[in-house]
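Below is one structure, written out as structure tokens; the observations come after it.
All of these numbers come straight from a predicted model, not from anything done at the bench.
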There are 2 protein chains.
Amino acid sequence: MDIILSSIRQPVNDHVYLKDPESTELGRRIVNGSIDLIYELGFEAFTFRKLAELIGSTEASVYRYFESKHKLLLYLSSWYWSWMDYKVLFSITNITEAEDRLERALLALTEEVKLDTNFLHIDEVKLYQIVIAESSKAYLTRSVDEENRYGVFTAYKNLVARVSELVLAINPTFKYPHMLISTVIEGAHLQRFFASHLPRLTDTLQGEDAVCSFYREMVFSTIQVAQDHA
Amino acid sequence: MDIILSSIRQPVNDHVYLKDPESTELGRRIVNGSIDLIYELGFEAFTFRKLAELIGSTEASVYRYFESKHKLLLYLSSWYWSWMDYKVLFSITNITEAEDRLERALLALTEEVKLDTNFLHIDEVKLYQIVIAESSKAYLTRSVDEENRYGVFTAYKNLVARVSELVLAINPTFKYPHMLISTVIEGAHLQRFFASHLPRLTDTLQGEDAVCSFYREMVFSTIQVAQDHA
DNA sequence: CTACTTAAAATAGTAATACTATCGAAAAAC
DNA sequence: GTTTTTCGATAGTATTACTATTTTAAGTAG
């Protein structure tokens with residue numbers, strides 16, 4: 001999977017950085033260091049000064065790659081959505097049956113990221129936790145509209161579009177495919193957060209991953225008005 | 001509705017304020033002013049200094065009511081969840097049929113707040129928009145666990161518990177009632193945000209409120225495995 | 001009417017944050 | 001081997017999120 005991912009140029013929209021961090025050693029240290037540090041401190045307490053100290057560089061050097069810590073968060077989110085899109089794509093490759101395709105895609109979307117598939121230079125497990133707790137802050141801002149115009153959220157939209165297509169392949173008359181899938185994606189993240197911090201807002205069950213089971217049941221029963229799904 | 005709401009003391013957990021803003025004229029101006037200003041500027045650009053200027057007071061005076069702007073956001077969120085809980089309670093009062101009860105509760109949860117039911121001193125329409133764009137920032141922090149221990153999120157949990165009961169009244173064996181309802185609540189807010197700013201992540205339809213319709217269909221098909229719902 | 005209490009305005013100050021600007025050295029590219 | 005790019009070093013600024021202290025005004029109790 002790393003081979004394909006790295007062979008695709010520009011997984012992240014170039015409006016989010018001043019200089020491509022993948023292009024230099026320092027750039028990669030900035031991205032990796034920021035993942036470690038945001039994971040550790042949370043986005044609010046994370047600063048470029050602390051990051052610079054961690055990676056043995058200077059604040060000014062970090063600013064040469066990212067205009068602001070908000071743009072860095074956009075970068076990380078965007079990277080994550082691209083990665084997830086490939087993960088979904090891979091999970092359905094060579095699978096022909098429509099329901100099977102959707103089921104696999106949903107699993108890819110909702111399962112907990114625990115193992116480092118890390119052939120790449122990014123720690124996906126930490127990035128997953130960051131996305132759960134911080135990624136909504138990337139778009140819940142006054143600058144969404146402008147950033148959206150620059151295509152910053154394209155990766156996310158592509159992912160939603162891809163899985164929506166799988167829904168429509170099963171039920172072409174279903175009216176809310178994007179709503180359904182964005183509900184699943186954001187919901188699955190949120191339920192993980194609730195399970196860790198506000199458990200009364202969710203349900204945890206022994207012996208199964210309740211998040212995966214719930215969203216699978218939810219999607220299939222919602223789209224199949226009068227059909228059955230095993 | 002105002003009579004009942006105001007007759008219930010402490011709709012908001014007292015850990016979020018230093019001094020109850022409902023107890024004084026200045027306190028009420030702080031709350032109302034903050035709603036106007038956060039609505040206008042967004043939570044990031046909102047400061048106590050600007051608020052003080054708006055309401056003709058001083059920064060130090062605002063700090064006598066709220067320890068931080070984060071606590072003020074917790075206050076506003078908590079107020080909103082209590083208000084929503086009463087809205088749901090009212091919508092199902094005297095309704096006996098289980099499916100009808102759930103349907104009405106879901107409508108209360110997902111419908112757009114457009115009219116000021118404002119007998120009260122709070123502008124619910126603006127508060128609704130604030131909750132959509134900012135309320136997740138109230139719990140997506142490093143201090144959630146501690147704040148949760150102080151009962152800051154009780155109003156939200158009560159709301160989820162109340163509607164979950166309505167789900168269980170229809171299908172007592174349904175395994176994920178809290179997950180379902182918190183998915184609906186957060187999802188409905190998010191879809192409103194997407195409709196305004198990232199429309200490719202949602203679906204809008206003419207002549208119907210797609211958010212309400214979608215979540216109604218979703219909930220009923222998910223909980224009724226082999227039943228029908230008109 | 002006065003003493004006491006509470007509330008809020010006025011003013012000042014601080015540490016940290018989120019940047020911006022400039023300059024020189026070293027490394028890389030041509 | 002020179003030009004360009006890259007980065008480190010240093011310095012500085014406006015703003016933010018608070019804290020502290022003192023003064024003034026308003027209620028309230030006896």
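- A search for salt bridge (charged side-chain N to carboxylate O under 4.0 Å, His left out) contacts involving A:Asp145 returns nothing, not counting sequence neighbours.
- Residues satisfying the side-chain contact (heavy atoms from CB on, under 4.5 Å) test with B:Ala45, not counting sequence neighbours, are B:Leu41, B:Lys50.
- Under the rule for a side-chain contact (heavy atoms from CB on, under 4.5 Å), the partners of A:Glu40 that lie at least two apart in sequence or sit in another chain are A:Leu37.
- Contact annotation for A:Tyr65: backbone-only contact, meaning every heavy-atom pair under 4.0 Å involves sugar-phosphate atoms and none involves a base.
- The salt bridge (charged side-chain N to carboxylate O under 4.0 Å, His left out) test applied to B:Lys69 returns no partner, not counting sequence neighbours.
- At least one side-chain nitrogen or oxygen of B:Ser61 sits closer than 4.0 Å to the OP1 or OP2 atom of C:dA9.
- Direction of the helix axis in the helix from C:dC1-D:dG30 to C:dC30-D:dG1 shifts by 20° between the two five-pair termini, rounded to 10°.
- In 5' to 3' order, the nucleotides of DNA chain D bounding all contacts with chain A (an atom under 4.0 Å from a heavy atom) are D:dT6 to D:dT10.
- Residues A:Glu112 and A:Arg192 are paired through a salt bridge, judged by an N-O separation under 4.0 Å between the basic side chain and the carboxylate.
- Applying the ring pair (Phe, Tyr, Trp, His ring centres under 6.0 Å) criterion to B:Phe48, with sequence neighbours excluded, gives B:Tyr63.
- For the ring pair (Phe, Tyr, Trp, His ring centres under 6.0 Å) test, residues two or more places apart in sequence or in another chain that qualify with B:Phe194 are A:Tyr139.
- Evaluation of the side-chain hydrogen bond (donor to acceptor under 3.5 Å, both in side chains) test over residues 148-158 of chain A, restricted to residues two or more places apart or in two chains, returns A:Asn148-A:Lys157, A:Tyr156-A:Glu186.
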Protein heavy-atom contacts under 4.0 Å, written 5' to 3' over nucleotides 12-30 of chain C as B (base), S (sugar-phosphate only) or - (none), form the string -----SBBBB---------
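- Residues in residues 51-65 of chain A take part in these salt bridge (Lys or Arg N to Asp or Glu O under 4.0 Å) pairs, two or more places apart or across chains: A:Arg49-A:Glu59.
- Residues satisfying the side-chain contact (heavy atoms from CB on, under 4.5 Å) test with B:Ser77, not counting sequence neighbours, are B:Leu73, B:Trp81, B:Ser135, B:Ala138.
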